[in-house]
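Here's the structure we're looking at; comments come further down.
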2 protein chains.
Amino acid sequence: MTDFVTGSTHSADALPVSAVDPLADLPGYLLRRAANSMMAELGTRLNAHELRISEATVLLLINDRTDLTSAEIGKLLEIQRANMVPLLARLETAGLIHRVPINRKSQAIVLTPHGRTRLDEVRAVTQKFEADLLERIPAQHRPHLVPALQALLG
Amino acid sequence: MTDFVTGSTHSADALPVSAVDPLADLPGYLLRRAANSMMAELGTRLNAHELRISEATVLLLINDRTDLTSAEIGKLLEIQRANMVPLLARLETAGLIHRVPINRKSQAIVLTPHGRTRLDEVRAVTQKFEADLLERIPAQHRPHLVPALQALLG
DNA sequence: TATTGTTATACTCTATAACTATA
DNA sequence: TATAGTTATAGAGTATAACAATA
């Protein structure tokens, strides 16, 4: 059998992970491995819609807002101002967003009609993904994940 | 005040994160953000010891084992065989590991005496880091984090 | 035939410094 | 003075294809 996440092929009756990998009980290490696995999975699903995770995240954040600037999106998503430039350029080239001048210095990033349609696809993908992710977690631990992760963010 | 993890400067009495960031309740999104924040923090701490996270992880895994090959380390840590090459080259150049031939095809990766000394430093850093990470999580959620993350790995 | 170690390459995310134009 | 948008660049992690040598 092949593991859904890791792709490893240990049999089900093998020793616990920690016996073969002494790091497998460390929360920080697990956090990185789990995030990498889950983001690889999400990336694959979004790739079918020709979007990167960062691009889909921007679409979800903008939604119907018409007041967000590039710098504000970056702050909310923890993306450097400089790194927003190529990201938004790709979304603009794909016809998913357009720029509405606020003044001569700032411009709002707004979804185009096509962008709104694509956002509906993104929402379907991410909702399915989030549901699948939660289903992998045993019920008794499930309600604790979001609060625990939020605590790590401050 | 500046947040330990995110570096953001929202005041303590601000609206809940989900009010300003509609993604803040999604477990997958939180998983990525939390992992990024924590790994940035760990990276900074290890940087003081001139080690990357991946390098420190390899040292922790090898420990006192003398039977691990590059390919096996890669499988355990989910690092591609090809990406192990520069990683081990850096550790070898730094005098932390050396290679012991197993046969004419394979070679074991083993810590040097200096590597063992540096591993002790790494262990101190990572144990402190893991403890700090857990302390950030409210007590009622704390015991659920590791099992939940392990479930995401398979 | 399958695996080990390796080279080469490329993509993504992330980070910093610096510049301009405007608030 | 501070901020918005941008350019350029670099570091780090990750991924694939391909090769020679050996199990």
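Below, read A as the first sequence line, B as the second, and so on, with proteins coming before strands; counting in each chain starts at 1.
The distance from atom CG of A:Leu88 to atom P of D:dT6 is 8 Å, rounded to the nearest whole Å. The distance between atom CD of A:Gln80 and atom P of C:dA18, rounded to the nearest whole Å, is 16 Å. For B:Leu87 and D:dG13, the CG to P distance is 8 Å, given to the nearest whole Å. The CG-P distance, from B:Leu46 to D:dG13, rounds to 11 Å in whole Å. The nearest whole Å value for the distance from the CE atom in B:Met39 to the C1' atom in D:dT14 is 16 Å. Distance CG (A:Leu42) to C1' (C:dC13): 15 Å, rounded to an integer number of Å. Regarding A:Leu51, its CG atom lies at a distance of 18 Å from the P atom of C:dC11, rounded to whole Å. If you measure from atom CE of B:Met84 to atom P of C:dT3, you get 18 Å, rounded to the nearest angstrom.
Salt-bridge formation is detected for the pair B:Lys128/B:Asp132: a Lys NZ or Arg NE/NH1/NH2 atom is positioned less than 4.0 Å from an Asp or Glu carboxylate oxygen. For the pair A:Arg118 and A:Glu121, the salt-bridge criterion is met [side-chain N within less than 4.0 Å of a carboxylate O].
Residue A:Lys75 places at least one side-chain N or O under 4.0 Å from the OP1 or OP2 atom of D:dA4. Side-chain nitrogen and oxygen atoms of A:Asn36 include at least one within less than 4.0 Å of the OP1 or OP2 phosphate oxygen of D:dT14. When the side-chain nitrogen and oxygen atoms of A:Ser106 are compared with OP1 and OP2 of D:dA4, none of them lie within a distance under 4.0 Å. Listed pair A:Arg104 / C:dA23 meets the phosphate criterion, a side-chain N or O lying under 4.0 Å from OP1 or OP2. Phosphate contact (OP1/OP2 of C:dT12, side-chain N/O of B:Arg32, threshold under 4.0 Å): absent. In terms of phosphate contacts, A:Arg52 brings a side-chain nitrogen or oxygen within less than 4.0 Å of OP1 or OP2 of C:dC13.
Nearest nucleotide to the B:Ser54 side chain, out of D:dG13, D:dG5, C:dT16: D:dG13. Distances from the side chain of A:Ala82 to the nucleotides D:dA17, D:dT6, D:dG13 place D:dT6 closest. In this structure, of C:dT7, C:dT4, D:dT6, it is D:dT6 that holds the atom nearest to the side chain of A:Val85. Proximity note for B:Asn103 (side chain, C-beta onward) versus D:dA23, C:dG5, D:dG5: the nearest is D:dA23.
B:Leu96 is listed as a side-chain neighbour of B:Leu51, based on a closest heavy-atom distance under 4.5 Å. Side-chain contact check for A:Leu134 versus B:Pro27: some heavy-atom pair is nearer than 4.5 Å.
A donor-acceptor contact under 3.5 Å links the side chain of A:Lys105 to the base of C:dT22.
Among all heavy-atom pairs drawn from B:Tyr29 and A:Glu130, the shortest one is N-OE2, 3.7 Å.
In terms of position on DNA chain D, the residue among A:Arg81 and A:Ala40 whose nearest nucleotide sits closer to the 5' end is A:Arg81.
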